[in-house]
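All values below were derived from every heavy atom in this structure, side-chain atoms included, with hydrogens, water molecules and symmetry-related copies excluded.
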Amino acid sequence: MFWFLLITMVVVVAAVTLAVVGGGDSEVLPDVAPEQLVDPLPVSRPVDRADVEALRLPVAARGYRMADVDDVLVRLGAELAERDARIAELEEALTGAGDGPGFGPASGSGFGPASGPGSASGPGSTSGGEDDRP
């Protein structure tokens, strides 16, 4: 009885091994393509909040694939730097335009050099005013 069970076990192990390894012309377990990030971030326009929220990175054996995460972070960092530069450019143009008449607190617009961060009514002031930022 012992020899029969031993021979049966060897045959079963050999059959399973051949099935997994792919003995013969037909493959039992085809190779699976690795999960790759298809860049869902738009190339033709700037990235917006919905694009970032819809982003799903592929998972590897030990977490996220570092190369894909690095690519996304570099792209987002470049776009944020570009937007920061544009904001600084527009703020500088606004400050330059603020030197003309009809601009500032006296005109009632609420914008201008006197309402900036370094003014007495700004967030860093000691006048006790509240910070109007959201």
Side-chain angles (χ1 to χ4, degrees):
M1 183 72 169
F2 173 75
W3 289 107
F4 175 73
L5 288 176
L6 184 66
I7 291 171
T8 305
M9 184 180 285
V10 168
V11 169
V12 168
V13 169
V16 169
T17 303
L18 286 175
V20 170
V21 172
D25 292 334
S26 65
E27 292 185 27
V28 176
L29 298 175
D31 291 333
V32 177
E35 195 175 345
Q36 295 291 326
L37 174 67
V38 178
D39 189 12
L41 298 177
V43 178
S44 61
R45 63 176 173 80
V47 177
D48 60 7
R49 181 179 180 151
D51 296 327
V52 175
E53 288 176 352
L55 180 67
R56 296 294 175 256
L57 298 170
V59 179
R62 293 180 56 194
Y64 292 105
R65 298 174 56 118
M66 288 193 309
D68 293 335
V69 174
D70 289 345
D71 291 343
V72 168
L73 290 177
V74 166
R75 171 87 188 271
L76 291 175
E79 290 212 12
L80 287 174
E82 182 180 324
R83 288 181 185 176
D84 288 344
R86 178 70 175 146
I87 289 170
E89 177 184 318
L90 292 173
E91 286 177 344
E92 184 177 318
L94 184 64
T95 302
D99 295 337
F103 190 80
S107 67
S109 68
F111 298 103
S115 64
S119 68
S121 63
S125 69
T126 57
S127 63
E130 290 186 18
D131 189 5
D132 292 335
R133 291 182 291 173

**Item:** Shortest non-hydrogen separation from D68 to L57 and the atoms involved
**Value:** O-CD2, 4.4 Å

**Fill in**
Heavy-atom nearest pair, E53 first then R56, reads O-NH1, 3.0 Å

**Prompt:** Does a salt bridge link R45 with D51, judged by any charged N lying under 4.0 Å from a carboxylate O?
**Reply:** yes

**Asked** Is the shortest distance from a Lys or Arg side-chain nitrogen in E79 or R75 to a carboxylate oxygen in the other one below 4.0 Å?
**Response** yes

**Message:** Tell me whether E89 at atom CD has more than 12 heavy atoms from other residues, nucleotides or ligands lying less than 6.0 Å away.
**Reply:** yes

**Request:** Start with the C-alpha distance between R86 and E82, add both sets of side-chain angles, then the distance that settles side chain to side chain contact (heavy atoms under 4.5 Å, CB included), and finish with yes or no.
**Result:** CA-CA 6 Å; R86 178 70 175 146; E82 182 180 324; 5.8 Å; no

**Asked** Honestly curious: do V47 and L80 fall in one hydrophobic cluster under the side-chain, below-4.5 Å linking rule?
**Response** no

**Request:** Treat each ILVMFWY residue as a node, draw an edge where side-chain heavy atoms are under 4.5 Å apart, and state whether L73 and V52 are in one component.
**Result:** yes

**Prompt:** How far does CH2 of W3 sit from OG1 of T8, to the nearest 0.5 angstrom?
**Reply:** 13.0 Å

